[in-house]
Amino acid sequence: MTPVPHERTPDRPAPARPHPQRTARHDELALAHLARPDRSRSVIPAVISLPRTQDEVGPRGPGAIYQNVDGRFEVLALINNPSEAAQLLRRDSARWALIVRDTLRPDGQPFAVGSVWTTSDYLIRPARTTAPAFAWAPAA
């Protein structure tokens, strides 16, 4: 019976290793890049800036009507105070909120949203440029 080629037997020498042995020079070259990191091609920016609130809100000012896949909404108020926005949206990271009303529903009640303006949103009526004579406030 002949041994299977991968078996080690006393009459056959062990086959050569598939990879060359590591040498001290190989280890020096492998560790050389760790000693001197190349800072010229850093991919991490030094300062990460948050998007501006105006960029996230888009053209949705008070009085604007916009539509997206969720419905058609009239903007009643823009809340810029982060603590008020966080309370309305129940999210600590909120920096702004919109109070909107769904105009496609006859019983549309005002509610708060914090979704950013995207390419799937489109403006139907621009925001008012003058302040209204009255201000909308939620019922206490």
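Because only heavy atoms are used, hydrogens play no part in the values below, and waters and symmetry mates are left out as well, while side chains stay in.
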Flag the pair Arg72 / Ile124 as yes when at least one side-chain heavy-atom distance between them is below 4.5 Å, and no otherwise. yes
Does the side chain of Tyr66 come within less than 4.5 Å of Val100's, by heavy atoms? yes
In this structure, CG of Asn80 is separated from CD of Gln54 (nearest 0.5 Å) by 8.5 Å
I'd like to check Pro82 versus Trp96 (side-chain heavy atoms, cut-off strictly below 4.5 Å). Are they in contact? no
Atom of Ala77, atom of Pro62 and distance for their closest heavy-atom approach: CA-CG, 4.4 Å
Value rounded to 0.5 Å, distance of OG1 in Thr53 from CG in Asp55: 8.5 Å
For a quick test of reading the model, state the closest non-hydrogen atom pair linking Ala94 to Leu89 and the distance between them. CB-CD1, 3.8 Å
Would you check if Leu123 and Ile65 make a side-chain contact, meaning some heavy-atom pair closer than 4.5 Å? no
From Ile79 atom CD1 to Gln87 atom CD, the distance as rounded to the nearest 0.5 Å: 10.5 Å
Once you round to the nearest 0.5 Å, how far does CG of Asp92 lie from OG of Ser83? 11.0 Å
What distance separates Leu104 CG from Phe73 CZ, expressed to the nearest 0.5 Å? 8.0 Å
How far does CZ of Arg90 sit from CG of Leu88, to the nearest 0.5 angstrom? 8.5 Å
Side chain proximity check, Trp117 to Arg60, heavy atoms < 4.5 angstrom: yes
Compare every heavy atom of Ala85 with every heavy atom of Arg95, then report the nearest pair and how far apart it is. C-CB, 4.0 Å
